[in-house]
Structure formats: C-alpha cells, structure tokens
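One structure below.
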Amino acid sequence: MTEITQAKSYSPSDHEPVILARWSAAGCFHAEPTSSGAPYSVFIPPPNVTAALHLGHALNNTLQDVLVRVARMRGLNTMWMPGTDHAGIATQTVVEKRLLMQGKRRTDFTREEFVAKVQAWKDEYEAVILAQLREMGASCDEARTRFTMDPVCTAAVREAFFRLFQDGLIERGKRLVNWDPASQTALADDEVEMEEVDGFFWYLRYPLADGSGFVTVATTRPETMLGDTAVGVNPKDPRAAALRGKQVRLPIVDRVIPIIEDDYVVRPVELGGDPLDGKAKFASGFLKVTPAHDPNDWELGRRHNLQAINIMAPDGSISDRHGWTDVSAAARAFVGMSREEARVAVVAWFKTNGLLEKVIPYRHTVGHSYRSHVPVEPYLSDQWYVRVTDDRLCGSALRAMDEAQYEGERPASAPAARLGDGGLKFFPARYAKTFQHWHEGIRDWCISRQLWWGHRIPVWSKSFAVADAPEANAWTDRGACEMRRELSDGRIELFVCLPEALDATLGAQLTAAGFVQDPDVLDTWFSSALWPMSTLGWPNPARFELDGMLETFNPSAVLSTAREIITLWVSRMVMFNRYFLKGRLPFHSVFIHSVVQDGFGQKMSKSLGNGVDPRDIIATHGADAMRFVLTQISTPTQDVRLPIDMLCPFTQAAFAPKTITTASGHVVSAPTQLCPTDPKKQMVTAYGVSAGLVSATPETPLARNTSSRFDGGRNFVTKLWNAARFARAQCAGSTPSSDPVTAVALPDRWILARFALTVESIDRALGDYQFNQVADALYEFVWRDFCDWYLEAIKPTVQGDPVQQAVLRAVLDGILRIMHPVMPFVTEVLWEPVRSMSTAPVRGLDLPSASLLTVARWPTPAAELHDARAIESFERVQTLVTAIRNVRGERQVNDKRRITLHAPKEIIESIAAGGGAVETLAGLSRAEQVDPENRPADAVAFPFQGFELLVSGLVDAVDVGAERKRLEQTIADRTRAASGFQGKLNNAGYLAKARPEVIEETRRMLSQVQADLVAAQRTLETLSTTV
RNA sequence: GGGCGCUUAGCUCAGUUGGCUAGAGCACUGCCCUUACAUGGCAGGUGUCACAGGUUCGAAUCCUGUAGCGCUCACCA
C-alpha cells in the first residue's frame, strides 16, 4: 500500500475557510445573462436586518443552496440572488428601543439624523447576515447582493408606485385602519397580533327620542358610544316594526340618532337568532353603530349614509378636535381622558343615571400592536391604499394558479388567456389553498406607514379653495400624475405623484408652489413585492448596467419560504410581477419549508430571541454536518424540533440551560447562566443579549449553543472522509489507463446499479422538493451500500484488480458529486485527490473532470448500469450473510474466527456467484456442499429460504439446550407467520379480488416460511436423536 | 369561529395511487480497539400505528366522529 497523506478525521474549521476562498477566487457562483446554459434563478427571501440569522434561516438557505448547486452541476446558467430587507417597522423599533435605553427618543433627532442611526444598524447586521450565509456555504452570487433600499430597488419602487397611481390602482382613503396609539402609526392587518383578554359586556340603555321607552345595546367598548351615529336592529326582529322611523337620544352626548334596520345585526337566540352563532348568546338585538371606531360599523355607516364622528386623538385620548363637533356640556367632561379612563367614566355615568342594565364578564380576543403591544384602535385616518381587490391584481394572482391545485373554477381570464396563467405550483400542494383563500377574501392594502425608515411616498399635496384650484392636468402635462378629491370642508386637495426622474425639476417646483411631500413611508412589503424585478434592474436594467438580467433571470425557478409568507409576500410578488411584466410570473414554484422550533416547540424567531446562530453549530459540528441534518429533517408535514444545549465558554462542556418564562408565556434560556462545574463563573446567553438585558464581557462571556441533533451529520461526514481515505489507499498502486472498463465482479455490478438507482431517486425527490428523501437516499447509499457492503466485499480483491479499482474510484467520484450539494465543503476537499486517482474510466458512468467539484457535472448513469440481476444476486448474498452473522451473533462468536458453511447445491451456487463476497462478509473459511450422511459433529443448523444450512467451527462445544431453545423459538415464529399467510389464502374474497401478483407473492412467502419450518423441525429432531 | 396540519418504538421522525412479518436515526443491551472510520463494526429487544365507528378480501394509509397538540385566518355585539 502506497502512503497517502490524509488525516484520520476531518476538521471542518481547518478546511472550510480554505474552500470558501477557493470558490470565491474562481468566481464560480457568478452568473451573467450571456453565460451558457438555460437560466435557473432563485431569489433569496431577503432576511430582515433587525438581527442575525438563526437555524430557521439556515434551513431555508441550505435547501435553496441544494437546489442551486444541483442546477449549477447540471450545467444550467444558475444565479442565486442574495440580499437583505430594510423591514421598516421592525428595524425602526429595534433602533428606537436601543435609544430608549439611553434615555432618548426618535423625536430628539431630526429625521435625517435618525435615519442615519438606523442605517448604521443596518450596515452592521447586513454584514453579519452575509457572513453567516457565506459560512454556511450558500453559493449566492455575492457580487449581485442587494438591499431593498439600494438605488436600483428604489428606482423600481418609484416606477411601480407611479404606474399604479397612473392606472388608478392607488388611492387616498379616509378609512379605518389598525392604529397603534402608542407609536402612532397605521399597521397592516398582519402586523396586528390577536391576544385573549378578560373584558366585559356592558348593556347600555339608550332612551327613545319620543320618550316611549328605550333600547339596550351590548358593547365591549362603551367609550366609543360618544361617537355613535345610529342604533341597528335586524329587520326580522319582531320589535323592529314598532321602532321603524323612530330615533334615539344618545345619552351623555344628547345626539339624536336614527334606528336603522340591517341584516347584519345579530338577533338574540330567543328572538330567532342562530344558537350556533356565539354573538347571538350575548346580543341584545340592538347594535350601537360607531362608524368611526369599528370596521363593521364603518360598513354599516356606508350602507346607511351615516355620519362618521371621530372622537379620538391619534394618541387614543378622547378629543373634540378630530371631527367631533356636537360636544354637549355633559360630554365635555370626558374630553381629554385616555381611552381607558373614558371607558370607566362612561360606565360610571350610565350606572349613576340608571341606564346600565347589566354587566357580564367576557373573555375575547383583542388586536394588539406587535410593535408596542397596546390594543390596536380602529381609527379613522387618511392613508394610501393599493386596490389589490382589482381583477388586474387579485384576479391575476388567482389565474396564475395551477389548475389542478385550484379549488373550483378560476376567475375567467380578462381579456384573454395570458402568459403565466396556470403556471404557479405549490409544494406541498396543500398550501395552494392558503394562497387561494387569501385572495378570495382580500381587502385593499394599506401601504402608508407613519415611520421614518423606508421608501418615502412620492406624492406631494396641497389643499385649495375651489376657486383657487389649478386647472386639471396642469402637473400631469409636465410628466407627473395628479389626483384630486373634495375634503369635508369643501376645499379641494390635489395630489401629485412624481416619477423619480422629475424629482429635481418638478419636485422643486411643487415645493415652491407650496406643495408638501407626504412624510410617510411605504409598507416594507411594497418593495419586497418587487424583489424579483427590482434586483434585476426593472424598469431599466441598462441604467444599472444590468442589461439582459431581467429577460434572463425573471421568472425564477422557485421561491423557498415559510408558511406565513404566502400571504405577506408571495401573493404580492405574484400580483406585481404579473402586473408590470405582462403576466409573467416571478417564479414557477413555491416551496414551503417546515418551521424550525426550539426544544420547547416554539418557533425560532428573531423577535423572541430564541434563535440559534448557525455559526454556533458550524463551530461544534461543521457546516456540512449542519446542512445534512437540516436537509434530512425537512419533511413535508412535520415541523422541526431542535432541543438546544448550551456550551460553557470556560469548560467547553455542553449543558441544558436554565430557563425562564417571559411575560408573553414563552420559555427561553435565562439571560445569565452559571458554569455547571464552577458556579462562581457566569456567562450570558444569546437570548439575554438579544433582549438587551445583558451584554457579554470578558468576565461573563457569551455562551454558544449546540445541539446533539447534529451529531449524525458529523458522523456521516467522518464516514465519507474515511471511505475516501480507504479507497485512495486501495488504488494507490493502480496503473494509469484511459481505456474504459466494464464491471465484471458481482459487487462491482451491484454498486454501479445501486448508484444509478440512487441518482434516479435523488433526481425524483428534488423535483418534488422532498429534501428528506434526498438525504435518506444519500445516507442509505453511501453508508449502508457503499461502506458497509461494497467496501467490505472488495477488501480481499481490490488491490490486485484494476477493473475493481476503476469501479471503486468511479463510484467514489460519483458519490462526491451527488453529496456535494448537501455537503459542499468536505466533498470539495476530497475532490482533488479523488479525481487525480489514476484508474481507468468505467463504461456507462461518464464523469468528466473539472477543476472544482462545484462546477463538475451532475452524474447521469447510462441505462446499461441498471442491472436487475446483479441487484437480485447481491441481495441474496446479503440475506445469506445476515443469516450467518445472526447465528454468529447469537453464539457470540469472535469476529476473527473463521467458520465453515455446509449448504445444499443451490445455495453453494449462489455463493459461487458472489465471487467470494459471502465468504468475506460472513467470515467463512469455506463453503462446502453438505453431505446428509455425514454431518459435522459440532454443526449448528439454521433454516434459510427453505433449506437447512449448517455452520461448524463456531465454538468448541455445542450447547444442546440452548440450541433446542433457539430452534423452538424459530419454529414458533415461522408457525405464526405461516398461519397469517395461510389465513389470507383461505379467504375467498382475497383470492377473487386481490391483484394476481400480490396473491402470487403471498403464496411464495408461505411456501418459503413452510419450508423453513420443516427444516427447523428436522434439525430439532436430529438434535434430539443425537443426544 | 373558519381553514390547514399533527398524534407510529424511550426520544426525534419516515412510511408516495390501500397489499410482504410496520421502518430509520438517536438512546439501550451483548460482543468486537479486525491496518478506512470507536464520530466505528456486528448482532439484539422494543410498537393495540391517539380513540371510536365505517368502507374493503385487506386500513398506519380512505371516510365519519371524538380527544389532545400546533399553525394560520377572522369585522374586540
């Protein structure tokens, strides 16, 4: 054996940086529109710049990298676009929290100063995130890295907004929004968290204006009654007729308001209400209608032309300066109170005046701001909306769906079938339903945010008296786009939207004319929705030297993301991409990966701070091990639970951290932990640091995390490493040859056939995004087939057999290729030595060499390698070997002891076909034909496929008692099995209806089991007579 | 309240149109430091497939219902 220099184990930290540098120097992840191959692109879901990535991101990015690396190896022009998202509200909140710890507020700074602080935060975390991606081995096109507020993305945002404005798909609306009174901004529906709270139903009496009695309304928010403008009743309510045309005198305010009839109002159960409707149990049958403070009432108000009276200031206090004009003397006392104080005071007033009928405790869900955690107030305010309910957007998204995944009939194509219709497919398929249902219930999208961090809304406005209003289209004629509306006070408000190119000229003119730019910014998802276009330079790639990019890499192949993103982002990308690019889809497939949870079943999240930094796992297990395990646990139905340990920075010992429960009820590791072996030493945790509770110091260092769930991956890396080490040693003396060889020996034919099948099943699994199947197929082939069976079988022969050496090298080469997408580092390290092994090529397995494995060809085994007979023969060898090992194991025969097998002619022939494999694998000195007349005295018998086989030389003396016990156990086992098969075959229905091949199989199984049974019984008899 | 998942070995999970005696990894037991690998090898035990019905010759798999868990959507009368 020639000396090879390969360490006994693989050290990830020694090799990973070297490999990264090599890939980087070769620039092999960079794609140009002009590069060869059909385009294959993936857009990374840009992570928030609020914090570092955790294992959930590692999972998503590993899976994307697997897809991207396979595509690249298949010779496609592969481009993976990396980048980050500015995440307006989330990032601003993080920075504001930090400022608050220094006793400062956003408003202590100018807008520019504050944005600079957020920018600094963004720069820091963007760098961390990109470094994390790199260390994981993500083969992104780094040179193309984008940030959603880069000039190229900003240009796209400006163009998109302008076009939508022009096309009438953006509107200014005074509507109810989710208002956060603490941070005083509008929130999107998805930024509202529902929380259960204990509340009350207050039943309030409203006297009829004519003094003929009263009606009772039920409410959970009595303070809003100050803004009531009607009382509703269901027309089917028996009391409705008598009240028709009557009015109510609103207590406190003295406002006289109508009683309106509407089907929406729920009747109490005793008056015909639906007992299954939860509301009917509490309803009084009369509904106070407050259009300015309740979304349902807003709709009711529109239907019945009711006034909307806003009684609150933006901070949630009762106010007479935001639309409430008829403030009575009694009501005056409430002005200035907070909404909480007003609630108490209103209830007290009703009680004092004998108008509080009853109070019932009630637990219900109330929306809270995910940002400030105060209850969200439905608040009437002016906001910008995208009319996503328009068929050009919502309808287009539904038409994009794959027909087979659509429930019911897709909306008709308007005006005609377009590019992209039906081309969007979800994996797993059930998520198509989420997408569909969301669009069917979609509402206009509020896109303005009262924040400073984000894309500023490019609209300038000014209000005019009617007489002073400029003539129509004065600004439109100069290249802008204008819109006007009449205000409640009769004045005219003029809005002018500018394209980016006119900022300098028209923008200055507008300012000079007294117009003011909207101070708000756009919802983050507005820019994210343009991601697959904006990053490629849309609308004008040439301006950013991105010629050809848009046409080449949009649509992309697949979007890989999390469940909740389907509505937030996937939907909006589909709508925008199709709208702006003539129906073109942003991606053909949507893959929804599973959720990574911590050991307590809680989703890892940046905001909770329970995420584990992938670099921690890379430090303890290596990137390849982490990636393999993440791939292996990516199943289509089950979320991933990862129990996390902590690594003591003083001793490097892993331990289970002490936990605490947060105010929100989550279990997280305590901010500070004690060293398990020396309680005098302390450390801080990632949770503590991310929550801003503690910080790492030399005395209290940060404890890194680890998880034993990644051990399997590390072991697999080691296994591959050593298999390569062994193979290299075995082939070290081979003579160079370029003449292709054909496998002759059974193990060689078998391993090639298995390799071909493995490649096939990986290709199939990748096509369905079944990543766990990819990992399992690799594991099964490399560890079980290649290492356990093939390498063991060829040990005695390979060094003198050039053909076998050729097969060994070829299969190992193939293994490196198919393992590479999942374990890119160790395979790349092994690539150079393995490709330079001097053996002959193998016919049917074309493996062109390449300077780097990353750009080597994905294997495509020829049909001739599929060898069903070799598989069948070798499987027979495996079964026989296992049976013999079984006997050895039971007797605890030393592995080194060679034994002799005595078998009938048929079995001896199978063994001969194995070419020595059985002898090697089962530890036989020889296999000889049994002589029934002359059984060896020390032989132990066992049934095998209906034959009685004997092995001798196991031990020095046979224990007859133990032998009998074992045989009796075998007989019981086979008897049970036989009666099971027999039962099936006795069943007339089975014989009549089951498929013939299934019946045939059962017959075969039965006869074999019966033969085993006979053989075992015969052995038992022999045993009895010999003693 | 609607929708979608999940419940299989001690633990974490596979199980693709219903069909071999229900599998893997980890953990556990026994024997092996055999010159690729102890991050290893060989062998072994472990399951009323949540529960109750139904369809079928046949159900972990399909249908209905129940219980528990999770996610998600929802206009806080």
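These numbers come from a predicted model, not from an experiment. Lettering of chains follows the sequences in order, A, B, ..., and the numbering in each one begins at 1.
Going from the C1' atom of B:A24 to that of B:A14 covers 7 Å, rounded to whole Å. Separating the P atom of B:A50 from that of B:C42 is a span of 32 Å, rounded to the nearest Å. On the P atoms, B:A60 is 13 Å away from B:G18, given to the nearest whole Å. Here, B:G15 and B:U8 have their P atoms 14 Å apart, quoted to the whole Å. Taking the P atom of each, B:C33 and B:A38 are spaced 14 Å apart, rounded to whole Å. Spacing of C1' atoms, B:U48 relative to B:A59, comes out at 14 Å, to the nearest Å. To the nearest whole angstrom, the two P atoms, one in B:U16 and one in B:G23, are 14 Å apart. B:A9 and B:G47: their P atoms are spaced 10 Å apart (whole Å).
Contacts of A:Asp788 with the nucleic acid, taken as non-hydrogen atoms under 4.0 Å apart, involve only primed sugar atoms and P, OP1 or OP2. At a threshold of 4.0 angstrom between heavy atoms, the contacts of A:Val217 with the nucleic acid are absent. Contact annotation for A:Val595: no contact, since no heavy-atom pair falls under 4.0 Å across all strands. Across all strands, A:Ala723 comes closer than 4.0 Å to base atoms (heavy-atom distances). Note on A:Tyr264: a base of the nucleic acid sits closer than 4.0 angstrom, heavy atoms only. Using a 4.0 Å heavy-atom criterion, one finds that A:Asp294 contacts the sugar-phosphate atoms exclusively. Residue A:Arg267 is classed as having no contact, given no heavy-atom separation below 4.0 Å to the nucleic acid. Contact annotation for A:Lys8: backbone-only contact, meaning every heavy-atom pair under 4.0 Å involves sugar-phosphate atoms and none involves a base.
The base of B:C37 is paired with the side chain of A:Lys719 by a donor and an acceptor separated by under 3.5 Å. For A:Glu792 against B:A36, a side-chain N or O and a base N or O form a donor-acceptor pair under 3.5 Å.
Judged by the 6.0 Å distance and 45° axis criteria, A:Lys795 is positioned over the aromatic ring of A:Phe726. Both the sub-6.0 Å distance and the 45° axial angle are satisfied by A:Arg885 relative to the ring of A:Trp789.
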Could you list, one pair per line, each protein nitrogen or oxygen that sits under 3.5 Å from a nitrogen or oxygen of nucleotides 31-34 of chain B, together with the distance?
unit_1	atom_1	unit_2	atom_2	d
B:U34	O4	A:Asp895	OD2	3.3

Under-3.5 Å N/O pairs linking protein and nucleotides 10-12 of chain B:
unit_1	atom_1	unit_2	atom_2	d
B:U12	O2'	A:Arg709	NH1	2.8
B:U12	O2'	A:Arg709	NH2	3.0

Nucleotide N/O of nucleotides 17-26 of chain B paired with protein N/O under 3.5 Å:
unit_1	atom_1	unit_2	atom_2	d
B:G25	OP1	A:Arg784	NH1	3.0

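Looking at every heavy atom in both residues, A:Thr706 comes nearest to A:Ile617 through CA-CD1, 3.9 Å. The minimum heavy-atom distance between A:Leu778 and A:Ile762, with the atom names listed, is CD2-CD1, 3.5 Å. Residues A:Ala283 and A:Pro268 come closest through the heavy atom pair O-CB, 3.5 Å. Of all heavy-atom pairs between A:Pro636 and A:Asn772, the closest is CD-OD1, 4.2 Å.
Residues satisfying the ring pair (Phe, Tyr, Trp, His ring centres under 6.0 Å) criterion with A:His439, sequence neighbours excluded, are A:Phe435.
A salt bridge does not link A:Asp237 to A:Arg267: none of the charged side-chain nitrogens sits closer than 4.0 Å to a carboxylate oxygen. The pair A:Arg205-A:Glu357 meets the salt-bridge criterion, since a charged nitrogen lies less than 4.0 angstrom from a carboxylate oxygen. Taking the charged nitrogens against the carboxylate oxygens, A:Lys433 and A:Glu440 have no contact shorter than 4.0 Å, which rules out a salt bridge. The pair A:Asp639-A:Arg563 counts as a salt bridge, with a side-chain nitrogen and a carboxylate oxygen less than 4.0 angstrom apart.
Distance OH (A:Tyr206) to P (B:A77): 13 Å, rounded to an integer number of Å. In this structure, CZ of A:Phe286 is placed 13 Å from C1' of B:A77, rounded to the nearest angstrom. In this structure, CZ of A:Phe726 is placed 20 Å from P of B:U39, rounded to the nearest angstrom. Across the protein-nucleic acid pair, A:Arg714 atom CZ and B:A38 atom P stand 13 Å apart, rounded to whole Å. A:Ile566 places its CD1 atom 11 Å from the P atom of B:U72, with the value rounded to the nearest Å.
Projected onto RNA chain B by closest heavy-atom contact, A:Gly889 and A:Glu407 fall at different nucleotides, the more 5' of which corresponds to A:Glu407. Between A:Lys795 and A:Gln773, the residue whose closest nucleotide on RNA chain B is further toward the 5' end is A:Gln773.
A donor atom on one side chain and an acceptor atom on the other are found under 3.5 Å apart for A:Asp444 and A:Thr389. Judged purely by distance below 3.5 Å, without hydrogens or angles, the side chains of A:Tyr206 and A:Asp228 pair a donor atom with an acceptor atom.
OP1 or OP2 of B:A14 has at least one side-chain nitrogen or oxygen of A:Thr635 nearer than 4.0 Å. Look at A:Thr290 and you won't find any side-chain N or O under 4.0 angstrom from OP1 or OP2 of B:A77. Of the side-chain N and O atoms in A:Lys433, none sit less than 4.0 angstrom from OP1 or OP2 of B:G3. At the phosphate of B:G44, OP1 or OP2 sits under 4.0 Å from a side-chain N or O atom of A:Asn886.
The strand RNA chain B forms stems, runs of 3 or more Watson-Crick or G-U wobble pairs with distances below 3.5 Å, at B:1-7 with B:67-73, B:10-13 with B:23-26, B:28-32 with B:40-44, B:50-54 with B:62-66.
In this structure, the nucleotide among B:U39, B:U72, B:A14 sitting nearest to the side chain of A:Thr637 is B:A14. Closest approach to the A:Asn296 side chain among B:A77, B:C75, B:C42 is made by B:C75 (side chain taken as heavy atoms from C-beta onward). Across B:A14, B:C75, B:C76, the shortest atom-to-atom separation from the side chain of A:Asn772 is found for B:A14. Among the nucleotides B:C76, B:U39, B:C42, the one closest to the side chain of A:Arg885 is B:C42.
Evaluation of the salt bridge (Lys or Arg N to Asp or Glu O under 4.0 Å) test over residues 760-770 of chain A, restricted to residues two or more places apart or in two chains, returns A:Arg74-A:Asp763.
Between A:Tyr10 and A:His15, the ring planes are parallel. Angles under 30° get that label, and only those over 60° would be called perpendicular.
For the pair A:Thr635 and A:Phe771, the minimum side-chain heavy-atom distance is 4.5 Å or more.
Between A:His293 atom NE2 and A:Arg221 atom CZ the span is 8.0 Å, to the nearest 0.5 Å.
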